[in-house]
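Per chain, numbering begins at 1; letters A, B, ... match sequence-line order.
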Amino acid sequence: MTTRSLETLYGQLLAAYGPQGWWPLLDHRGANPTRSGALTGYHPGRYDYPRTAEQRFEICVGAILTQNTAWPNVEKALLALQRAGALSLPGLEALGEAELLTCIRPSGYYRAKARKLREWSRFCRLTGEATPSREALLGVWGIGPETADSIRLYAYGLPEMVVDTYTRRVLAGLGHLPRAAGYDEVKALCIRGLPPDAMVYQEFHALMVEHAKRFYRRGTPADPLRFGDA
DNA sequence: AACCAGGACGTGA
DNA sequence: TCACGTCATGGT
């Protein structure tokens, strides 16, 4: 098992791919895309997002819609919601059920996700501007560990490590994971190996996704970081 | 044309 | 706890 530290791995990935500009936003420059695939929402090197309550809400909605779902599908749903004026708390609450289902259908699991968005809206209305604790988020139906951590890290800028299947896949491939580890165990491993900084956490997570997409998809070459330096 | 994507919940053992 | 089924559309 390699002894390369996570911090070194982080530095290598950052040098190779550069800042990833997560979390993507539809309207971070006042742009108003009407079709999917624009992918204009990344803001590499900027860590002062979200800048508005609407952007924060958009990130939370995206975090829910992207559960086990490819981002382009989520983007379609987000664009539909934006056009319907539903990418805000009052906007989403005012949206009818049929319209909601239509908007988010491209993101898959649309009936379950519609309920999750309703539950999230209710939670937002009840908690107001207060920063939600991890425990409070986990108490919301439809929000599990990764979604809760994504909301805290990307929507609130808190130093909350996010672990997803990509992260697990890369760390397992590099030999950093002793066995089939659970979410909290992998999370603890990542926290142990990196400085407790929200910007680092954001980049690390996004870089792991990028690296996994390049080297941990079936039919892709072996990870060049797997061998070579110890 | 199968396979899978930036998970979470409900159930039974 | 834990393994397994379910939820569902769209891209490769």
With rounding to the closest Å, how many angstrom separate the P atoms on B:dA1 and C:dA8? 25 Å

Which of residues 181-201 of chain A sit near DNA chain C, with a heavy atom under 4.0 Å from it? none

In whole angstroms, the gap separating P of B:dC3 from CG of A:N68 amounts to 16 Å

Integer-rounded Å distance: B:dA5 C1' and A:Y110 OH: 19 Å

Separation of B:dG10 atom P from A:Y109 atom OH, nearest Å, is 16 Å

Contacts of A:E93 meeting side-chain hydrogen bond (donor to acceptor under 3.5 Å, both in side chains) (sequence neighbours excluded), chain-then-number -> A:R125

Hey, is A:E160 close enough to A:K187 for a salt bridge, meaning N to O under 4.0 Å? yes

According to ring-ring contact (aromatic ring centres under 6.0 Å, His included), who are the partners of A:Y110, at least two apart in sequence or on a separate chain? none

With no hydrogens and no angle check, just 3.5 Å: does a side-chain donor-acceptor pair link A:T69 and A:K113? yes

Tell me what A:W141 touches on the nucleic acid: a base, only sugar-phosphate, or nothing, going by heavy atoms under 4.0 Å. sugar-phosphate

Rounded distance (Å) that lies between atom C1' of B:dG7 and atom CZ of A:R168: 10 Å

Rounding to a whole Å, what distance do you find between A:E210:CD and B:dA5:P? 15 Å

For A:T165, answer base if it contacts any base atom (sugar-phosphate contacts may also be present), sugar-phosphate if it contacts only those atoms, and nothing otherwise; contact means non-hydrogen atoms under 4.0 Å. sugar-phosphate

Residue-level proximity of residues 111-121 of chain A to DNA chain C when a heavy atom falls under 4.0 Å: A:R111, A:A112

Between A:W71 (CH2) and B:dG7 (P), how many Å, whole number? 12 Å

Does the pair A:E210/A:K213 count as a salt bridge with the N-to-O cut at 4.0 Å? no

With a non-hydrogen cut-off below 4.0 angstrom, is A:I64 in contact with a base, only sugar-phosphate, or nothing? nothing

For a quick check of understanding: with a heavy-atom distance under 4.0 Å over all strands, which category does A:G108 fall into, base, sugar-phosphate or nothing? base

Classify A:R169 by what it touches in the nucleic acid, base, sugar-phosphate, or nothing, heavy-atom distance under 4.0 Å. sugar-phosphate

Take atom NZ of A:K213 and atom P of B:dC3, then tell me their distance rounded to the nearest Å. 22 Å

Hey, are A:Y17 and A:H211 close enough side-chain-wise for a donor-acceptor pair under 3.5 Å? yes

Roughly how far apart are A:C190 SG and A:M208 CE, rounded to 0.5 Å? 6.0 Å

Output for pair (A:E54 CD, A:T52 OG1), nearest 0.5 Å, gives 5.0 Å

Start and end of the DNA chain C segment that chain A contacts, any atom under 4.0 Å from a heavy atom: C:dC7 to C:dG11

Please name the residue in the list A:Q12, A:Q202, A:Q20 that meets the side-chain contact (heavy atoms from CB on, under 4.5 Å) test with A:L207. A:Q20

Is there a donor-acceptor contact under 3.5 Å from the side chain of A:Q55 to the main chain of A:L25? no

If only atom types and distance count, is the side chain of A:Q67 paired as donor or acceptor with the main-chain N or O of A:T147 below 3.5 Å? no

Of A:D164 and A:L138, the one whose closest DNA chain B nucleotide lies more 5': A:D164

Using links of under 4.5 Å between side-chain heavy atoms of ILVMFWY residues, direct or through other members, which residues join A:Y47 in one cluster? A:M199

